[in-house]
S.K.: 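I'd like to ask some things about the structure below.
From a predicted model like this one, the values you see are computed outputs, not experimental measurements. Letters A, B, ... are given to chains in the order of the sequence lines, protein chains preceding strands, and every chain is numbered from 1.
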Number of protein chains: 2
Amino acid sequence: MQREDAVTEHPAFDPYDPGCPSRQLVDRIGDRWTVLVIGVLAEGPARYGELATRVAGISPKMLAQTLKALERDGLVTREAFNTVPPRVEYALTPSGASLQPVLLAVSSWAREHAGSVLQAQAAYDG
Amino acid sequence: MQREDAVTEHPAFDPYDPGCPSRQLVDRIGDRWTVLVIGVLAEGPARYGELATRVAGISPKMLAQTLKALERDGLVTREAFNTVPPRVEYALTPSGASLQPVLLAVSSWAREHAGSVLQAQAAYDG
DNA sequence: CAGGATCCCTTATGATACTG
DNA sequence: CAGTATCATAAGGGATCCTG
């Protein structure tokens with residue numbers, strides 16, 4: 001259990017503490033769509049429709065939701081042009097860009113170990 | 001998308017890009033409990049109850065489930081001692097240990113940016 | 001002590017249709 | 001084009017009880 005008045009302090013962020021903002025961030029990084037969206041934006045700004053295309057399989061709802069969350073977290077900027085037809089561009093902020101290497105490390109590890117993991121699974125199942 | 005009928009015979013959560021096992025791994029890394037469990041084991045072998053204590057908030061079900069998945073993936077070993085009372089020790093395999101730096105990068109990023117993210121959220125909400 | 005088996009509920013997510 | 005609104009479903013996860 002936890003103290004109610006812990007808000008007044010500004011302690012070290014502890015991912016092991018449920019309810020700690022840093023844990024929330026870890027969760028976000030782990031999010032299925034977040035990773036993919038940031039991956040696309042890491043290559044440059046993109047429009048909504050472009051994202052919808054490149055992150056294949058994502059529903060409009062999830063895309064909008066993911067982008068909104070990222071924008072709220074200050075990881076992504078949203079720029080709307082009042083034209084016809086409408087045009088909205090998303091881009092990574094410096095914070096968002098700083099996340100890229102981390103995500104890269106994750107996917108690198110995954111690529112490197114995918115083989116041995118598959119092997120281990122087969123052995124375990126057998 | 002898929003040409004399959006409404007028959008969902010396989011619980012494959014891969015939204016798209018099938019045939020990429022590394023994708024499965026990324027999802028695992030992103031798993032809320034996996035990250036925390038590996039984090040604890042990175043400091044050395046631990047018993048079931050020890051893990052239950054240190055990974056605050058996890059239920060027996062989730063802990064067992066997470067450990068089993070990690071064991072199947074060859075990231076964690078399980079050693080059961082046939083004593084009374086029972087004693088089971090979990091430890092990282094080399095593969096699992098190699099994951100530590102990656103996870104460390106993730107939580108480091110989270111700790112570093114938690115502040116600015118909170119700030120961004122406040123600004124967004126206001 | 002370690003964990004399996006259940007039950008149940010909350011939330012996440014997807015499909016679809018609609019609007020500024 | 002860029003979303004929003006709504007609905008239905010499935011999965012994640014917690015609580016609890018039980019056993020080797």
Side-chain angles (χ1 to χ4, degrees), chain A residues 1-2 18-19 23-24 26-37 40-41 45-72 76-91, chain B residues 1-17 23-24 27-37 40-41 45-72 76-91:
Chain A
M1 301 316 168
Q2 195 161 2
R23 169 119 160 215
Q24 193 183 55
V26 173
D27 286 351
R28 166 127 330 144
I29 295 175
D31 181 79
R32 196 202 302 197
W33 298 119
T34 298
V35 179
L36 297 173
V37 167
V40 170
L41 290 179
R47 299 177 58 178
Y48 179 90
E50 202 178 337
L51 287 167
T53 301
R54 299 191 56 186
V55 183
I58 194 172
S59 65
K61 176 184 170 181
M62 288 324 293
L63 180 53
Q65 185 175 305
T66 301
L67 286 170
K68 196 171 282 185
L70 288 172
E71 189 194 355
R72 190 174 102 98
V76 159
T77 57
R78 192 194 106 115
E79 189 177 6
F81 302 89
N82 200 20
T83 59
V84 178
R87 168 196 182 86
V88 179
E89 273 205 354
Y90 293 90
Chain B
M1 284 191 56
Q2 316 204 48
R3 312 167 178 89
E4 294 271 353
D5 288 347
V7 183
T8 49
E9 50 180 10
H10 261 304
F13 304 135
D14 225 19
Y16 61 94
D17 192 11
R23 180 57 186 289
Q24 196 185 57
D27 284 353
R28 166 126 332 166
I29 295 174
D31 181 78
R32 188 179 166 183
W33 298 121
T34 298
V35 180
L36 299 174
V37 167
V40 170
L41 290 179
R47 299 178 58 176
Y48 179 89
E50 203 180 338
L51 286 167
T53 301
R54 299 191 54 187
V55 182
I58 195 172
S59 65
K61 176 185 171 181
M62 282 298 107
L63 180 53
Q65 184 175 306
T66 301
L67 286 169
K68 194 170 283 186
L70 288 172
E71 189 194 354
R72 191 174 102 97
V76 159
T77 57
R78 191 194 107 113
E79 189 177 7
F81 301 88
N82 200 20
T83 59
V84 178
R87 167 195 182 89
V88 180
E89 274 204 356
Y90 293 90

S.K.: If you measure from CE on A:Met62 to CG on A:Asp31, what distance do you get to the nearest 0.5 Å?
M.R.: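 That separation rounds to 6.5 Å.
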S.K.: Roughly, in whole Å, what's the span from CG in A:Leu51 to C1' in D:dC1?
M.R.: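 Roughly 13 Å, once rounded to whole Å.
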S.K.: For the side chain of A:Lys61, starting at C-beta, report the closest nucleotide among D:dC7, D:dG13, D:dC1.
M.R.: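 Nucleotide nearest to A:Lys61's side chain: D:dC7.
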S.K.: Does a side-chain N or O from A:Arg32 land closer than 4.0 Å to OP1 or OP2 of D:dG12, or not?
M.R.: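 No, A:Arg32 has no side-chain N/O under 4.0 Å of OP1/OP2 on D:dG12.
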S.K.: When you check the phosphate oxygens OP1 and OP2 of D:dG3, does a side-chain N or O of A:Lys68 lie under 4.0 Å from one of them?
M.R.: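 Looking at the OP1 and OP2 atoms of D:dG3, neither is under 4.0 Å from any side-chain N or O of A:Lys68.
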S.K.: Both A:Ala64 and A:Pro86 contact DNA chain D. Taking the nearest nucleotide for each, which residue is further toward the 5' end?
M.R.: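 With A:Ala64 and A:Pro86 compared, the 5'-side residue is A:Pro86.
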S.K.: Tell me the interatomic distance from B:Ile58, atom CD1, to D:dT16, atom C1', rounded to whole angstroms.
M.R.: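 Rounding to the nearest Å, CD1 of B:Ile58 and C1' of D:dT16 are 17 Å apart.
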S.K.: From the options D:dG14, D:dA2, D:dT16, select the nucleotide whose nearest atom is closest to the side chain of A:Arg78.
M.R.: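 Closest nucleotide to the A:Arg78 side chain: D:dA2.
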S.K.: How long is the straight-line distance from CD of B:Glu71 back to OH of B:Tyr90, given to the nearest 0.5 Å?
M.R.: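 That separation rounds to 7.0 Å.
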S.K.: Rounded to whole angstroms, how far apart are CG on A:Asn82 and P on C:dG20?
M.R.: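 It is 15 Å, rounded to the nearest whole Å.
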S.K.: Expressed in angstrom and rounded to an integer, what is the separation of B:Arg28 atom CZ from D:dG12 atom C1'?
M.R.: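 Result: 14 Å.
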S.K.: Tell me which nucleotide among D:dG3, C:dT6, C:dC1 gets nearest to the side chain of A:Tyr48.
M.R.: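 Comparing D:dG3, C:dT6, C:dC1 against the side chain of A:Tyr48, the answer is D:dG3.
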S.K.: Verify the contact: side-chain N or O of A:Arg47 to OP1 or OP2 of D:dC1, cut-off strictly under 4.0 Å; return yes or no.
M.R.: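 Looking at the OP1 and OP2 atoms of D:dC1, neither is under 4.0 Å from any side-chain N or O of A:Arg47.
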S.K.: Could you give the CE-to-P distance, from A:Met62 to D:dT4, as a whole number of Å?
M.R.: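 Rounded to the whole Å, the gap is 13 Å.
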S.K.: Could you tell me which non-hydrogen atom of B:Arg28 sits nearest to which non-hydrogen atom of B:Ala69, and how far apart they are?
M.R.: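 Minimum heavy-atom separation between B:Arg28 and B:Ala69: NH1-CB, 3.5 Å.
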S.K.: Between atom OG1 of B:Thr66 and atom CG of B:Leu51, what is the distance when rounded to the nearest 0.5 Å?
M.R.: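 Between B:Thr66 OG1 and B:Leu51 CG, I get 10.0 Å after rounding to 0.5 Å.
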S.K.: Considering every strand and a 4.0 Å limit on heavy-atom distances, what is the contact class for A:Phe81: base, sugar-phosphate, or nothing?
M.R.: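 Touches nothing.
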S.K.: What is the distance, rounded to the nearest whole Å, between atom CD of A:Gln65 and atom C1' of D:dG3?
M.R.: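 After rounding, the reported distance stands at 13 Å.
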S.K.: Would you mind reading off the distance between B:Asp27 atom CG and C:dA12 atom P, rounded to a whole angstrom?
M.R.: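 Between P of C:dA12 and CG of B:Asp27: 16 Å.
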S.K.: What is the separation between atom CG on B:Asp31 and atom P on D:dG13, rounded to the nearest whole Å?
M.R.: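 About 6 Å, once rounded to whole Å.
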S.K.: Quick one: CG on B:Leu41 to OG1 on B:Thr77, what's the gap to the nearest 0.5 Å?
M.R.: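 Going from CG on B:Leu41 over to OG1 on B:Thr77, the span is 8.5 Å.
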